[in-house]
There are 2 protein chains.
Amino acid sequence: MSNLTPTISEAESHVMEVLWRRAPQSSEDIVAAVQQASDWHEKTIRTLLGRLVAKGAVNAEKDGRRYLYSPALARKQWQSQESHSLLDRVFGGRLSPLLAHFSEHEKLGAKDIAELRKLLDAIEKKGH
Amino acid sequence: MSNLTPTISEAESHVMEVLWRRAPQSSEDIVAAVQQASDWHEKTIRTLLGRLVAKGAVNAEKDGRRYLYSPALARKQWQSQESHSLLDRVFGGRLSPLLAHFSEHEKLGAKDIAELRKLLDAIEKKGH
DNA sequence: CCAAATGAATTACGAGCGTAGTCTAAATGA
DNA sequence: TCATTTAGACTACGCTCGTAATTCATTTGG
């Protein structure tokens, strides 16, 4: 109980990703799953896992002679942190510039636009 | 001519910020401007500035016995990089989850929503 | 029962970052 | 002219990260 919201590095986030998809898992499973998508050395993955446990982003429950690992930080919480951080760091905390940016520089398909409209409708309805 | 898009650290971004607002500026001006918003030591700010020059994010033009500094990386370009990076790292490259996230977890005022709608209209019109 | 395998803990090591301090060369004020 | 100021260059130092290798304690196969 030290850090309210541990920070996850790029590399570490790939380990979290497999734990968010399924948990708990043994380190062996985690290594295998991470290696599906990367060519990292087993040692590297175990190091990352250890660091995640050390910083409280992952829980390790002893299971016999080994551990089973589960995320201690929810994916949504992490997404929240990261989004907020981008918003503050890069866009002065305002959402519209972010959106404007995406509208100018990212390719938004008709599908995306429709989806965003639905989202806005839903938000408005909820908010009132 | 080394790095296409230099990466800017958190601390460095505050220096960029003052250069994006006005350029060129002397280091003295930059130090003063950054200190308006922070309590960083002058040496710290000069170090950050030097690193930005070293990594090609800032240009230094000699002006007599000193330099005048200007951004070599455009703010929009940086915002683009950072946004894209968040999108890929955290939301699997898809915009809707990002938006959905904001709609759930950030406070969107009616004003924001209206603005976003207008943006979507504009995008759609432009796209066709 | 003992050697090999395995999972975890510890250690490594260079790059970047946050946060300065020191050194140097040039300009300037007395 | 000479000491002082100042801007920039170079050095420092502990921390995190990416990327592992080494050591240690068990377990397990033969």
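Sequence lines set the chain letters: A, B, ... in the order given, protein chains first and strands last, and positions in each chain run from 1.
Between W20(A) and W78(A), the ring-plane angle classifies as tilted under the 30° and 60° cut-offs.
The distance from atom NE2 of H14(A) to atom C1' of dG18(D) is 12 Å, rounded to the nearest whole Å. K62(A) has its NZ atom 11 Å from the C1' atom of dA25(D), to the nearest Å. Going from atom CD1 of I45(B) over to atom C1' of dA7(D) covers 15 Å, rounded to whole Å. Summarising the geometry, the separation between CZ on R89(B) and C1' on dG18(D) is reported as 15 Å, rounded to the nearest angstrom. The CG-C1' distance, from D39(B) to dA20(C), rounds to 13 Å in whole Å. The distance from atom CD of E42(A) to atom P of dT6(C) is 10 Å, rounded to the nearest whole Å. In this structure, I8(B) atom CD1 and dG16(C) atom C1' are separated by 13 Å, rounded to whole Å. In this structure, E10(B) places its CD atom 18 Å from P of dG16(C), rounding to the nearest Å.
Here S9(B) reaches the OP1 or OP2 of dG18(C): one of its side-chain N or O atoms lies under 4.0 Å away. Between Y69(B) and the phosphate of dA7(D), there is no side-chain N or O to OP1/OP2 separation shorter than 4.0 Å. Dashed line: the shortest gap from a side-chain N or O of R46(B) to OP1 or OP2 of dA7(D) is under 4.0 Å. Using a 4.0 Å cut-off, no side-chain N or O of W40(B) falls inside it from OP1 or OP2 of dG18(C).
Ranking dA21(D), dC17(D), dA7(D) by closeness to the T47(A) side chain, first place goes to dA21(D). Side-chain proximity of K55(B) to dG18(C), dA8(C), dC17(C): nearest is dC17(C). Side chain of R65(B), nearest nucleotide from dT6(D), dC17(C), dT26(D): dT6(D). Listed nucleotides dG18(C), dA8(C), dT26(D) differ in distance to R66(A); the shortest reach to its side chain belongs to dA8(C).
For the pair E82(B) and R89(A), the salt-bridge criterion is met [side-chain N within less than 4.0 Å of a carboxylate O]. Note on D88(B) versus R94(B): no salt bridge recorded, every NZ/NE/NH1/NH2 to OD/OE distance being 4.0 Å or above.
Between the NZ atom of K62(A) and the OH atom of Y67(A) there is a distance of 3.5 Å, given to the nearest 0.5 Å. Taken from OG in S9(A) to CG in L52(A), the straight-line distance is 7.5 Å, to the nearest 0.5 Å.
Within 4.0 Å of T44(A), counting heavy atoms only, lies at least one base atom of the nucleic acid. In this structure, E28(B) reaches the sugar-phosphate backbone alone: every heavy-atom distance under 4.0 Å involves primed, P, OP1 or OP2 atoms, never a base. Residue-level contact check: S27(B) touches the backbone only, with heavy atoms under 4.0 Å from sugar-phosphate atoms and none from bases.
Comparing A11(A) and S26(B) by the nucleotide of DNA chain D whose heavy atom lies nearest to each, the residue mapping closer to the 5' end is S26(B). Nearest-nucleotide mapping onto DNA chain C: of L48(B) and K43(B), the residue sitting toward the 5' end is L48(B). Residue Y67(A) is the one, among Y67(A) and R51(A), whose nearest nucleotide of DNA chain C lies closer to the 5' end (criterion: closest heavy atom).
Looking at R66(B) and S27(B), their side chains never bring a donor and an acceptor atom within 3.5 Å of each other.
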